[in-house]
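Data block below; observations after.
We count ligands from 1, going down the list as the structure has it; atoms in each ligand are counted the same way. FYI, the numbering just counts along the sequence from 1.
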Amino acid sequence: MKVIIIGAGPAGLSCAHELSKSGVETELFEATEFVGGMSRSFDLWGQRVDLGPHRFFSKEKRINHFFAEVLEGEYTTVNRLTRIYYKNRFFQYPLKFSNVLLNLNPFTIIRILWDYLIQRINPIKNPTTFEAWVTNRFGNKLYEIFFKSYSEKLWGIPCSKIDADWAAQRIKTLSLIGAVWSAIKGNAGNKHKTLVDEFSYPKHGTGLLYEKCAQQIQNNGGTIHLNAPVKRVLINESNRTQGIELADGTRVDADFVISTMPLTTLIKGIENVPTEIKNAASQLYFRNTILVYLEVDGIDLFKDNWIYVHSPDVKHGRITNFRNWCPTLYGNKKTSILCLEFWAFEEDDVWSMPDENLAKVAISELEKLKLVPSSMGILNSKVIKIPKCYPVYETGYQKPLKMLENYADCIDQLIPIGRYGSFKYNNQDHSILMGLLAAENILGNNSTNLWEINTDTEYQEEGEIKDILNQ
Ligand SMILES: Cc1cc2nc3c(=O)[nH]c(=O)nc-3n(C[C@H](O)[C@H](O)[C@H](O)COP(=O)(O)OP(=O)(O)OC[C@H]3O[C@@H](n4cnc5c(N)ncnc54)[C@H](O)[C@@H]3O)c2cc1C
């Protein structure tokens with residue numbers, strides 16, 4: 001049996017790792033010169049950085065086992081501090097009532113409490129949009145302050161058009177009773193560290209996991225081709241997968257094809273796709289990310305691993321400070337690398353803006369926020385653009401997505417997985433799980449419906465770190 005895998009991100013690599021370990025002939029084709037996909041790490045100005053912040057966390061035993069097995073001990077524990085920056089003040093994230101109340105003026109607090117109580121007494125039934133979902137749980141005022149501007153920067157569409165699915169998976173709800181209870185318990189209620197407080201992290205960046213994984217696949221006899229973009233998947237008259245065609249025209253046969261290339265591109269590339277399926281694929285779209293890295297001449301900037309920037313008067317939405325992850329990233333360097341995230345659609349001016357202009361925008365926004373002392377200069381800048389970063393869950397997206405899922409299911413031996421590969425807002429852990437389960441399906445040990453992964457997940461971070469790592 002021979003399996004072809006398209007894409008060397010977490011989904012493709014975890015699948016290839018599992019298959020090659022079981023002795024299956026595995027050939028992986030990656031479009032770029034790197035492994036790791038959006039989770040790769042790279043050297044920058046003598047330090048190591050990721051593509052924005054990459055915190056690994058999961059409560060799923062097999063994912064944590066994969067992480068520990070592949071890294072062979074080369075990981076550490078990072079203390080987590082991530083706050084929201086709004087109107088020159090820091091707010092804890094996930095939100096805590098006590099912290100919110102201490103940081104705002106009395107009028108705003110009364111409005112927050114009033115809106116929260118009204119919403120608890122009279123909730124919106126079956127909220128289907130992000131706006132309705134968040135308002136239901138937090139009240140209108142908290143929604144306006146802490147969710148609206150950030151989410152609209154990220155998605156580029158009004159919150160009333162974002163599907164509630166995204167909120168349910170990503171947002172920890174807020175409990176007034178919980179806040180009162182922790183205030184009564186004080187420190188006694190806070191002695192166990194959870195996945196909110198700390199996380200495991202590969203010592204040389206999140207991409208180390210995937211570099212080691214790629215090496216182990218090759219040690220197991222698998223093949224990885226870099227700079228080998230796949231143009232399309234080949235299907236025969238009986239609707240069975242035959243193999244792939246590369247961008248240079250080369251054809252390679254296989255018994256199974258696992259695809260982590262964008263689902264929409266995969267489907268549109270298949271020969272004789274029905275028009276309604278092509279139309280459905282055209283209704284799904286992605287949001288791009290622009291990362292602007294700045295090297296700051298100093299080391300004590302702010303304590304957070306990353307900060308969510310809610311202020312509507314700046315365009316970026318998040319700043320990572322790699323100095324606050326682990327010392328193996330920066331060694332003996334005496335500078336800090338920050339990464340500012342901007343989001344854009346392809347047609348937006350900012351997406352085609354030259355790198356030097358983007359760097360100027362980033363520097364001026366950083367000055368505006370006053371997060372970096374003016375005495376510290378900016379030594380270097382670098383811009384990286386990531387297309388198709390976020391599958392946009394615009395209300396109504398499920399219908400065209402379901403059509404693509406059903407169509408792909410009718411093609412034998414073709415398995416789409418991954419973040420843009422299955423149009424699911426995956427973190428690394430979800431993509432790894434998809435990869436491992438796809439391999440199990442092929443090996444005949446399982447018959448999991450892979451479309452179901454990361455669809456019904458509720459926010460879950462309360463596990464204690466010691467239990468998670470000892471699984
Ligand atoms: C700024 C940012 C912050 C993030 N923060 C976190 C975080 O804190 N925690 C977390 O767990 N996750 C985080 N993520 C998400 C994480 O990066 C992704 O979930 C993960 O990389 C998805 O893995 P994947 O294999 O599904 O897709 P990808 O990583 O996108 O990999 C897909 C691979 O397929 C290749 N490919 C595409 N088309 C073709 C083709 N035609 N032929 C051959 N190869 C092709 C691509 O080049 C790529 O290497 C973040 C992502 C970003 C961008």
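Residue R419 approaches ligand 1 through these ligand atoms, each under 4.0 Å from one of its heavy atoms: 15 (C), 18 (C), 19 (O), 22 (C), 26 (O). Applying the 4.0 Å criterion to heavy atoms of L51 picks out, from ligand 1, the atoms 1 (C), 2 (C), 3 (C). Listed by number with element, the atoms of ligand 1 under 4.0 angstrom from any heavy atom of G418 are 26 (O). Atoms of ligand 1 found under 4.0 Å from any heavy atom of G37, numbered from 1 in the order shown, are 29 (O), 31 (O), 48 (C), 49 (O). Residue-ligand proximity, P229 to ligand 1, at heavy-atom distances under 4.0 Å covers atoms 42 (N).
Ligand 1 lies less than 4.0 angstrom from a heavy atom belonging to T32. Ligand 1 does not have F56 within reach: every non-hydrogen atom of the residue lies 4.0 Å or more from it.
In this pair, W166 and Y425 present their aromatic rings tilted. The plane angle is within the 30 to 60° band. Ring geometry, Y85 versus F90: the interplanar angle falls from 30° to 60°, so the pair is classed tilted.
The shortest N or O to N or O distance between F34 and ligand 1 is not below 3.5 Å. Here's the thing with R55: one of its N/O atoms is less than 3.5 angstrom from an N/O atom of ligand 1. For the pair P10 and ligand 1, the shortest N or O to N or O distance falls below 3.5 Å. Taking distance alone, with nitrogen or oxygen atoms compared against 3.5 Å, Y390 stays at or beyond that limit from ligand 1. Checked against a 3.5 angstrom limit, the closest N/O atoms of T289 and ligand 1 fall outside it. In terms of polar-atom proximity, defined here as any N/O pair under 3.5 Å, P53 does make such a contact with ligand 1. The distance criterion of under 3.5 Å between nitrogen or oxygen atoms is not met by D429 with respect to ligand 1. Inclusion of A11 in the set of residues having an N or O under 3.5 Å from an N or O of ligand 1 is warranted.
Considering every non-hydrogen atom in both L154 and R287, the closest pair reads O-NE, 2.7 Å. Here the closest heavy-atom approach between residue G52 and residue L291 is recorded as N-CD1, 3.8 Å. Of all the heavy atoms in T289 and C389, the pair that sits closest is OG1-SG, 3.2 Å. When every heavy atom of W45 is checked against every heavy atom of K333, the shortest pair comes out as O-CE, 3.2 Å.
In this structure, atom 10 (C) of ligand 1 lies nearest to the protein heavy atom N427 OD1, 3.2 Å. Looking only at protein heavy atoms, the nearest one to atom 31 (O) of ligand 1 is G9 CA, 3.4 Å. Atom 41 (N) of ligand 1 has its closest protein heavy atom at V230 O, 3.0 Å. Ranking the protein heavy atoms by distance from atom 53 (C) of ligand 1 puts C389 SG, 3.2 Å first. Atom 24 (P) of ligand 1 has S431 OG, 3.6 Å as its closest protein atom, hydrogens excluded (heavy atom only). The shortest contact between atom 49 (O) of ligand 1 and any protein heavy atom is with E30 OE1, 2.7 Å. Closest protein heavy atom to atom 30 (O) of ligand 1: M38 CE, 3.3 Å. Summary of contacts: the protein heavy atom closest to atom 44 (N) of ligand 1 is A31 N, 3.1 Å.
For F147 and Y143, the distance between ring centers is not under 6.0 angstrom. Residues Y293 and F42 bring their aromatic ring centres within 6.0 Å. For F286 and F423, the ring centers sit closer than 6.0 Å to each other.
Panel note: side chain N446, backbone E440; no donor-acceptor pair is recorded below 3.5 Å.
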task = Begin with the C-alpha distance, continue with both residues' side-chain angles, and end with the deciding distance and a verdict on salt bridge (charged side-chain N to carboxylate O under 4.0 Å, His left out) for K424 and E405.
result = CA-CA 12 Å; K424 298 272 182 297; E405 291 177 3; 3.2 Å; yes
**Asked** Could you go step by step and tell me if R40 and E30 meet the salt bridge (charged side-chain N to carboxylate O under 4.0 Å, His left out) rule?
**Response** CA-CA 13 Å; R40 74 183 171 93; E30 163 56 44; over 6 Å; no
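The side chain to side chain donor-acceptor pair (under 3.5 Å) contacts involving residues 347-369 comprise H316-E365, where partners must be two or more places apart or lie in separate chains.
In this comparison of F57, Y425, Y420, F29, the heavy atom closest to atom 36 (N) of ligand 1 sits on Y420.
In R318, the part holding a heavy atom less than 4.0 Å from any atom of ligand 1 is the side chain. When heavy-atom distances to ligand 1 are checked against a 4.0 Å cut-off, E341 comes that close only through its side chain, counted from C-beta outward.
None of T241, L414, I442, V24 except one satisfies the side-chain contact (heavy atoms from CB on, under 4.5 Å) rule with F256; the exception is I442. Looking at F199, F66, F67 one by one, the single match for ring-ring contact (aromatic ring centres under 6.0 Å, His included) with F56 turns out to be F67.
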